[in-house]
Amino acid sequence: MSFDRRTRMEQMRSADRARDRRNRVVAIGLSAVVVAGLLGFGSYMLLEKSEAKEKTGESQAQDAKQTEQEKKKLAAEPIADEKTWDAQKLTREHVTTGVKYAMAPPVGGNHHPAWLNCDGVVYEKAVPDVNAVHALEHGAVWVTYNGKASGSDVEALASRVRSTPYSLMSPYEGQAGSLMLSAWGKQVTVDGADDPRVARFFAKYVQGAQTPEPGAPCTGGIDG
């Protein structure tokens, strides 16, 4: 092999090595750009999610504040034709015998040691007065209806009860009105599920000021 040929081959090998080095440098550079882009995109997405979560939290806090304000406004409104008994004069002894109440449904008085579960519970059958009264003592609102109530009103009120802790619902054939709401020392007959007094009664008396034992549980009792 001549000197010129060897020289050309060495030059070609050097050029190939130089080209390989350039390709590696370019590949490394591109990889760094891609990684930096992915990291930047990931940071952007994390920031976006964090901001979205923060905005969601702020929105939920605002909604809760608005709901609380609306509740206070409703609770401040008078409830027409509401009946009231002196909550301080309603007896509160625990008894294991039957109790004869002065009103139907009862709104207070002696009652069974076990309360009726009232964490948004809708009972399909009549429940014992003595256990329901204990639930009222804990701050529950008791919705009752008789056979004259329309199915649509019953279902609408049942939906409200299911979404409201410290409330319960059951049929009560012995009552005078077709739809009645009771709390400790308070009671009203309403015309239908859309009667504005329903929202006012719930806002005012679910764990309201009339409650003898606010904060007492509405779970861990008995089912009707």
Side-chain angles (χ1 to χ4, degrees), residues 71 75 79 82-149 151 153-190 193 195 197-224:
K71 181 181 177 181
I79 300 175
E82 177 186 80
K83 294 180 180 180
T84 299
W85 290 260
D86 189 339
Q88 299 301 321
K89 293 182 179 180
L90 291 172
T91 56
R92 294 171 48 205
E93 298 296 326
H94 285 181
V95 296
T96 55
T97 58
V99 178
K100 187 176 182 180
Y101 294 105
M103 70 294 289
V107 298
N110 293 345
H111 48 269
H112 195 275
W115 60 87
L116 200 65
N117 286 327
C118 48
D119 192 27
V121 184
V122 176
Y123 294 98
E124 300 297 330
K125 297 181 179 179
V127 297
D129 284 351
V130 289
N131 302 105
V133 169
H134 197 159
L136 300 186
E137 185 183 40
H138 288 191
V141 163
W142 184 15
V143 179
T144 53
Y145 61 94
N146 62 22
K148 295 179 181 179
D153 281 333
V154 170
E155 185 51 43
L157 287 170
S159 178
R160 176 184 283 273
V161 167
R162 291 189 186 100
S163 63
T164 307
Y166 284 93
S167 71
L168 67 152
M169 182 173 179
S170 70
Y172 202 104
E173 288 303 324
Q175 67 184 31
S178 59
L179 295 167
M180 298 179 70
L181 281 65
S182 303
W184 187 269
K186 304 289 183 178
Q187 191 169 81
V188 67
T189 298
V190 295
D195 189 321
R197 291 175 295 176
V198 173
R200 293 172 193 164
F201 199 92
F202 270 76
K204 197 166 189 175
Y205 298 127
V206 169
Q207 284 285 283
Q210 86 294 339
T211 304
E213 296 181 3
C218 243
T219 59
I222 66 167
D223 290 319

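Side-chain atoms are counted along with the backbone in the values below, which use heavy atoms only and exclude waters and symmetry mates. The first residue of the sequence shown is numbered 1, and numbering continues consecutively from there.
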Looking just at side-chain N and O atoms, do [X] and [Y] make a donor-acceptor pair shorter than 3.5 Å?
X      : Y      : value
Ser167 : Trp142 : no
Asn117 : Tyr123 : no
Glu82  : Tyr205 : yes

Any donor-acceptor pair under 3.5 Å linking the side chain of [X] with the backbone of [Y]?
X      : Y      : answer
Glu137 : Glu213 : no
Gln210 : Gly185 : no
His112 : Thr96  : no
Thr91  : Asn110 : yes

Spacing of [atom1] belonging to [X] relative to [atom2] belonging to [Y], to within rounding of 0.5 Å:
X      : Y      : atom1 : atom2 : value
Asp119 : His138 : CG    : NE2   : 13.0 Å
Arg200 : Asp195 : CZ    : CG    : 8.0 Å
Leu179 : Arg197 : CG    : CZ    : 10.5 Å
Ser182 : Lys83  : OG    : NZ    : 10.0 Å
Lys186 : Ile79  : NZ    : CD1   : 8.0 Å

Closest non-hydrogen atom pair between [X] and [Y], with its separation:
X      : Y      : result
Val127 : Ala132 : CG2-CB, 4.3 Å
Ala140 : Cys218 : CB-SG, 4.1 Å
Ala149 : Ser178 : CB-O, 3.7 Å
Leu90  : Gly109 : CB-N, 4.1 Å
Val141 : Ala183 : CG2-CB, 4.4 Å

Where do Glu155 and Arg160 land on the salt bridge (Lys or Arg N to Asp or Glu O under 4.0 Å) test, with the steps shown first?
CA-CA 9 Å; Glu155 185 51 43; Arg160 176 184 283 273; over 6 Å; no

With Gln175 as reference, evaluate Thr189, Thr144, Asn146 under the side chain to side chain donor-acceptor pair (under 3.5 Å) test and give the passing residue.
Thr144

Does [X] reach the side chain of [Y], with side-chain heavy atoms less than 4.5 Å apart?
X      : Y      : value
Gln187 : Trp85  : yes
Tyr145 : Ser170 : no
Leu157 : Met169 : yes
Cys118 : Val121 : no
Thr211 : Tyr166 : no
Val122 : Leu168 : no
Val143 : Phe202 : yes

Begin from the C-alpha positions of Asp129 and Tyr172 and carry the test side-chain hydrogen bond (donor to acceptor under 3.5 Å, both in side chains) through to its verdict.
CA-CA 10 Å; Asp129 284 351; Tyr172 202 104; 3.0 Å; yes

Is the ring pair His134/Trp115 parallel, tilted or perpendicular, if the boundaries are 30 and 60 degrees?
perpendicular

Just checking His111 against His94, ring centres under 6.0 Å apart?
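They qualify: ring centres under 6.0 Å apart.
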
